[in-house]
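Computed from heavy atoms alone, side chains included, the values below leave out hydrogens, waters and symmetry copies. Both ligands and their constituent atoms are indexed starting at 1 by order of listing.
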Amino acid sequence: MTTPDTPTNPSQTTPNQSDWSPGSWKSAPFNAPYAYQDQAALSAATTRLTQLPPLVTSWEIERLKEQIAQAQRGERFILQGGDCAETLDDCRPEYIANKLKILLQMSLVLIHGLRTPVTRIGRFAGQYAKPRSSPTETADCNGSSCTLPSYFGDLVNRAPFDPDSRAPDPNLMVEGYKHASMTLNFIRSLLDGGFADLHHPEYWDLSFFNNADLNEERKSQYQHMSRTLADGLSFMENLGEQRVHESTRVDFYTSHEGLNLFYEQAQTRTVPRRTGHFDLTTHLPWIGERNRNLDGPHIEFFKGIQNPVGVKVGPTMDPDELVTLINTLNPNNEAGKLVLIVRMGASKVAENLPPLLHRIKSEQLNVLWMTDPMHANGTTTAAGIKTRNFDDILTELELTIKAHKAAGTILGGVHFELTGEDVTECLGGASGITEADLTKNYASLCDPRLNYQQSLELAFLLATAMQD
Ligand code: PEP
Ligand code: CO
């Protein structure tokens, strides 16, 4: 008997892509920055992952695809966010609940401000693999200098700088799977229970707006928005719990960078009564800026799966290359299939984005345009701390919105690195985080994230900028 989303015939290939299989990426010019030494352990880990149940289902993936298609048409907005990299150690109820809460609260601000449904996609339950600019790192180890593999995230190796921790370990893929599964289980339970905090304005931490060192115009704008939001939430509450639950019914999806193709392949399968292969580690896997070369293994793998697929688009992308990329990943020009996550930087977006928008529009290619105003706005302080400036993030957002308006195209979503915790990793925002604050609570092992207050503030500003 087959049960939903158990593998059927793993050797079956996707129609019209007869040379594609879940493992065909291995024949692409391979530029993996790390290598597993123990082939027997690699085979044991991937075999086990092939046998384990899927983390998500094909019908959830199809529902997300439909919602992405709606966002492409401007009938919905997508909010994607979470950690730069989750760690296995961070799989704790309070962190998970706080991340979910900030995403849900931001989405309510956007629903309210944009008057459109919002789909939330977490950068979590599997965001364990990280691309690095350099494959190795040289530092002090027990008194002498040594060169070891960089830390590629807990799905690949471990952060401490010693040879054992930094050796790529295939068993971490099974550990990553288990932690993704525990995270998802908790998220699904929280959402099933209604996650009541959400509907009670008194549980929202908006008081920082009142105390913030802001100009009067922005302060009164925030106060007005908080008040109308609180009224809206109370109104929904008065409809009764059941109605509230229905009217804010929370669809929630997961995403991660599909960096480790051994992991992705092992959970990629055909399912009964559906055509093609689904990557069942996540709803929306994406290809990072460093791995989107056209003849590389990632494009080869992603072009064959049924999931919607994200691709990061940096400032060096040229229109011809983008058209080829789109035609490779979405040859049938299917709606809801391809998400372009543009990350150009506040200083480049006004010049580099419009040519892409015009070209894709004139070719009538179906894509969802999203903006990631985080990844090209990194800076390092004089003290050597990696950070991002709230104002740069906001500037890239505003310039992106402007570029879409001018081109007559649709910005259908945003992608943020954020956490529900009170960290001090990004500078600025209403709570005024300064360089001196950065060391107070800097917890990220990778890129700096917006904290709870900065995230909520950005949602308010985004809602305002989209309405202008
Ligand atoms: C990321 O999303 O964490 C990331 C590394 O992004 P990019 O590939 O755009 O640099
Ligand atoms: Co990042």
Side-chain angles (χ1 to χ4, degrees), residues 31-34 78-87 90 99 103 121-135 150-156 159 176 254-261 264 282 284-294 296-299 301-302 309-317 321-322 325 329 338-346 348-349 352-353 356 369-380 385-389 392-393 396-397 400 413-419 423 425-426 442-451 454-455 458:
N31 52 3
Y34 57 85
I78 309 275
L79 171 66
Q80 185 178 17
D83 286 320
C84 181
E86 292 173 285
T87 64
D90 280 353
K99 262 188 293 196
L103 274 183
I121 307 180
R123 265 181 82 111
F124 44 85
Q127 175 54 14
Y128 297 121
K130 290 306 303 167
R132 304 313 301 242
S133 354
S134 164
S150 297
Y151 168 57
F152 286 96
D154 283 1
L155 196 69
V156 178
T254 64
S255 66
H256 63 242
E257 177 169 350
L259 182 79
N260 188 334
L261 295 176
E264 306 303 325
T282 191
L284 175 70
W286 79 82
I287 307 173
E289 170 72 359
R290 293 162 192 76
N291 291 302
R292 59 170 171 75
N293 42 319
L294 287 165
H298 290 84
I299 298 289
F301 176 76
F302 281 94
V309 168
V311 190
K312 292 292 193 87
V313 174
T316 57
M317 177 69 90
E321 185 189 359
L322 185 57
L325 183 76
L329 288 172
L338 197 55
V339 180
L340 300 181
I341 309 168
V342 180
R343 29 87 83 218
M344 299 206 165
K348 299 205 171 128
V349 68
N352 296 10
L353 179 58
L356 302 182
W369 290 103
M370 286 185 58
T371 172
D372 161 3
M374 313 294 295
H375 280 92
N377 286 318
T379 56
T380 305
I385 303 174
K386 268 171 72 174
T387 187
R388 289 162 172 155
N389 208 312
D392 293 337
I393 295 168
E396 182 161 357
L397 259 182
T400 301
V414 285
H415 179 117
F416 295 129
E417 279 186 350
L418 52 79
T419 170
V423 296
E425 298 172 3
C426 290
Y442 196 106
S444 176
L445 288 180
C446 287
D447 296 333
R449 301 158 297 174
L450 297 164
N451 65 19
Q454 290 169 326
S455 304
L458 209 53

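Using a 4.5 Å heavy-atom threshold, the side chains of Trp369 and Val313 count as separate. Taking 4.5 Å as the limit, every side-chain heavy atom of Asp447 sits out of range of all side-chain heavy atoms of Met374. With a 4.5 Å cut-off on side-chain heavy atoms, Met370 and Trp286 do not count as touching. Between Leu397 and Phe416 there is a side-chain heavy-atom pair separated by less than 4.5 Å.
Side-chain N/O atoms of Glu396 and His375 include no donor and acceptor closer than 3.5 Å. Side chains of Arg343 and His415: no donor on one and acceptor on the other come within 3.5 Å.
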Could you pull out every N or O of ligand 1 that sits under 3.5 Å from a protein N or O, with the distance for each pair?
unit_1: ligand 1; atom_1: 2 (O); unit_2: Arg123; atom_2: NH1; d: 2.9
unit_1: ligand 1; atom_1: 2 (O); unit_2: Arg123; atom_2: NH2; d: 3.3
unit_1: ligand 1; atom_1: 2 (O); unit_2: Lys312; atom_2: NZ; d: 2.8
unit_1: ligand 1; atom_1: 2 (O); unit_2: His375; atom_2: NE2; d: 3.3
unit_1: ligand 1; atom_1: 3 (O); unit_2: Arg123; atom_2: NH2; d: 2.8
unit_1: ligand 1; atom_1: 3 (O); unit_2: Lys130; atom_2: NZ; d: 2.7
unit_1: ligand 1; atom_1: 3 (O); unit_2: His375; atom_2: NE2; d: 2.9
unit_1: ligand 1; atom_1: 3 (O); unit_2: Glu417; atom_2: OE2; d: 3.1
unit_1: ligand 1; atom_1: 6 (O); unit_2: Lys312; atom_2: NZ; d: 2.9
unit_1: ligand 1; atom_1: 8 (O); unit_2: Glu289; atom_2: N; d: 2.8
unit_1: ligand 1; atom_1: 9 (O); unit_2: Lys312; atom_2: NZ; d: 2.9
unit_1: ligand 1; atom_1: 9 (O); unit_2: Arg343; atom_2: NE; d: 2.6
unit_1: ligand 1; atom_1: 10 (O); unit_2: Arg290; atom_2: NH1; d: 2.9
unit_1: ligand 1; atom_1: 10 (O); unit_2: Arg343; atom_2: NH2; d: 2.9

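A salt bridge (charged side-chain N to carboxylate O under 4.0 Å, His left out) with Arg449 holds for exactly one of Glu86, Glu417, Glu425; it is Glu425.
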>> Go through it in stages, so that I can follow the logic: the residues are His256 and Glu264, the test is side chain to side chain donor-acceptor pair (under 3.5 Å), and I'd like the CA-CA distance, side-chain angles, deciding distance and then a yes or no.
In response: CA-CA 11 Å; His256 63 242; Glu264 306 303 325; 2.8 Å; yes
>> For a salt bridge (charged side-chain N to carboxylate O under 4.0 Å, His left out) check, start with the C-alpha distance between Glu321 and Arg292, then their side-chain angles and the critical distance, and finish with the verdict.
In response: CA-CA 11 Å; Glu321 185 189 359; Arg292 59 170 171 75; 3.3 Å; yes
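At a cut-off of 2.8 Å, measuring from the Co ion (ligand 2), the protein N, O or S atoms that fall short of it are Cys84 SG, His375 NE2, Glu417 OE2, Asp447 OD2, waters left aside.
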